[in-house]
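In what follows, a single structure is set out as structure tokens and then discussed.
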Number of protein chains: 2
Amino acid sequence: MSSVSTPAYANGGQSLADRLFESLRGEIVEGNIAAGSKISEPELAKRFQTSRGSLREALMRLESLGLLERRVNVGARVVELDGRGLLELYEVREALEGMACRLAAENMNQAEIDGLRAVMEEHEQQSELQAGTAYFQPEGDFDFHFRIVQGSGNQLLIDTLCNRLYYRVRMYRYQLGMASPRAKRAFREHMHIIDAIEARDGELAEILMRRHIRASRNNIQAKIG
Amino acid sequence: MSSVSTPAYANGGQSLADRLFESLRGEIVEGNIAAGSKISEPELAKRFQTSRGSLREALMRLESLGLLERRVNVGARVVELDGRGLLELYEVREALEGMACRLAAENMNQAEIDGLRAVMEEHEQQSELQAGTAYFQPEGDFDFHFRIVQGSGNQLLIDTLCNRLYYRVRMYRYQLGMASPRAKRAFREHMHIIDAIEARDGELAEILMRRHIRASRNNIQAKIG
DNA sequence: AAGAAAAACATTGTCGACAATGTCGCCCGG
DNA sequence: CCGGGCGACATTGTCGACAATGTTTTTCTT
């Protein structure tokens, strides 16, 4: 179907720099490219069989994501992961997701709320399969928070959390292994949050979400901070 | 002093793309480049006497700032300013600045608090010079909020607000002329916030800041939304 | 004449080369 | 032996040209 002259970057409506960006983002989040390590443009360009120009575009977008730090005429480094940064991240999450939860209680339709409950049922089954004290599935937890943010209807809020902060959260989880041992408690907190949303009680929903995130933060602080 | 071979981009420790970025950011914020208008890379490159490569770097950073929207193989457009976006912006500000205010109450030192009061005295004098119902100085208002955010000590929060959201706020103010007629009320609200910070009452400081921003939002919604 | 196909144009994405800066190692003087 | 200056190397910033896509205009057919 495709002619022999099909260019390498004519894929799926996204540019080559887009795909480089996504690949590198994944490698950084999962720690495949070590935190704090220096980025060599020529080396990466060779690894991905591309030119430096497109690679640099990807690097700049990673910088604006907060995953890289670039200094003029020096180069780019993957950000360091320190406890302070993680705690700061949770403070911002508390503020933003609290607001998102309030808005979700006002704006979510019934289908979206049902979807939330379905996610929780899935959690419950998986939790029963695993040991009672098993770590809380980061995947499912993310799904829960993700859906609430989407339900806020505030595009700026959605973009800030889902396209910016969450990658950093995942990076910390992967590399510092922040598996929360608060499985059962977190599950109950999630359920209460859904109840508040379904009751259209935005004020309560916000309070519960903030306490939920703050509890995680305190948990982290006790361990690492 | 400078030799004839001094390169154009060897200024002040920042790259040419950095300066292009700042220049364009200013022109977009102030409406010199109209909202919603299409960006022509060759045209701008000619205007700034630079190559397209450096210009594209600046454009990408503007995109990550939320001031431009780019589509692959089509080009970049300045974002449109609609009431919905402005209201969303204020919802995010309410959440983030509320948190910033809480943290500021916990972390600001006395010198910073004194600086806040000095800003307010300046406001008062300028307000007296102008008519009693005069619009609230965007400059001074920004200074007040700016300082509180700085005082939070949370680097992620500072970056998100000062290096990301505030440019959009300024863009709206310039172009939609959002001069708040709440001068005296806002001034009193600011003073109460400072009092709460000085009393190290983070909870109250957050509540007051949120109400302050929400009042502005309601004011805007009544007018435009 | 109206609509569609096609070609010409303009714009964007990508690439390799050059210029300038930072970095590392070596040599020299103290 | 140690510290500072100097030079070679590597890396980054910048530029102009080419390839591919989107857009507009022209032209041909019905």
Side-chain angles (χ1 to χ4, degrees), chain A residues 1-25 28 33-34 36-64 67-79, chain B residues 1-25 28 33-34 36-64 67-79:
Chain A
M1 295 294 282
S2 61
S3 86
V4 288
S5 65
T6 297
Y9 52 85
N11 281 2
Q14 55 182 357
S15 76
L16 169 55
D18 286 335
R19 288 199 304 283
L20 282 172
F21 167 68
E22 291 176 10
S23 297
L24 287 171
R25 185 182 59 190
I28 290 175
I33 299 178
S37 64
K38 188 174 183 328
I39 297 287
S40 166
E41 292 183 3
E43 178 196 326
L44 274 187
K46 216 186 306 178
R47 245 190 72 193
F48 285 97
Q49 309 245 19
T50 181
S51 85
R52 267 184 58 223
S54 300
L55 182 84
R56 277 170 66 84
E57 180 170 336
L59 292 184
M60 290 186 325
R61 290 167 72 175
L62 289 170
E63 179 190 21
S64 80
L67 265 45
L68 289 185
E69 290 171 349
R70 289 180 53 194
R71 285 194 309 176
V72 180
N73 283 322
V74 172
R77 310 187 75 86
V78 182
V79 293
Chain B
M1 293 295 282
S2 61
S3 86
V4 289
S5 65
T6 298
Y9 52 84
N11 281 2
Q14 55 182 356
S15 75
L16 170 55
D18 286 335
R19 288 198 303 283
L20 283 172
F21 166 69
E22 292 176 9
S23 296
L24 287 171
R25 185 182 59 191
I28 291 175
I33 299 178
S37 64
K38 189 174 183 325
I39 296 288
S40 166
E41 292 183 4
E43 177 196 326
L44 274 187
K46 215 187 310 175
R47 245 191 70 193
F48 285 96
Q49 309 246 20
T50 181
S51 85
R52 267 184 57 225
S54 301
L55 181 84
R56 277 169 65 84
E57 179 171 336
L59 292 183
M60 290 186 324
R61 291 166 73 176
L62 288 170
E63 179 189 22
S64 79
L67 263 44
L68 289 184
E69 289 171 349
R70 288 182 54 196
R71 284 194 311 176
V72 181
N73 282 322
V74 171
R77 310 188 74 87
V78 181
V79 293

**OP:** State whether B/Ser54 places a side-chain N or O below 4.0 Å from either non-bridging phosphate oxygen (OP1 or OP2) of D/dG13.
**Re:** no
Original post:
Quick one: does A/Leu44's side chain get under 4.5 Å of A/Leu24's, heavy atoms only?
Top reply: yes
**OP:** Confirm from the modelled atom types if A/Arg52 and D/dG13 form a donor-acceptor pair under 3.5 Å, side chain to base only.
**Re:** yes
**OP:** Check whether any side-chain heavy atom of B/Leu68 lies under 4.5 Å from a side-chain heavy atom of B/Val79, and answer yes or no.
**Re:** no
Subject >> N/O (side chain, B/Lys38) to phosphate O (OP1/OP2, D/dG22) under 4.0 Å >> reply: no
Original post:
Between A/Glu57 (CD) and C/dG13 (C1'), how many Å, whole number?
Top reply: 8 Å
Original post:
What is the nucleic acid contact for A/Gly53, judged by heavy atoms within less than 4.0 Å: base, sugar-phosphate only, or nothing?
Top reply: nothing
**OP:** Measure from the side chain of A/Asn73, starting at C-beta and using heavy atoms only, and say which of C/dT21, D/dC15, C/dG13 lies closest.
**Re:** C/dT21
**OP:** Using a 4.5 Å cut-off on heavy atoms from C-beta on, say whether the side chain of A/Glu57 contacts that of B/Arg56.
**Re:** yes
**OP:** Mind listing the residues from residues 41-49 of chain B sitting with a heavy atom below 4.0 Å of DNA chain C? Number order is fine.
**Re:** B/Glu41, B/Pro42
Subject >> Under 4.0 angstrom between B/Arg56 side-chain N/O and C/dT14 OP1 or OP2 >> reply: no
**OP:** Rounded to the nearest angstrom, tell me the gap between atom CZ in B/Arg70 and atom C1' in C/dG13.
**Re:** 9 Å
**OP:** Inspect the surroundings of NZ in B/Lys46 and state if more than 12 heavy atoms from other residues, nucleotides or ligands are less than 6.0 Å away.
**Re:** no
Original post:
Across the strands shown, which category fits B/Ile39 at heavy-atom distances under 4.0 angstrom: base, sugar-phosphate, nothing?
Top reply: sugar-phosphate
Original post:
Taking atom CD of B/Glu63 and atom CZ of A/Arg61, what is their separation to the nearest 0.5 Å?
Top reply: 6.0 Å
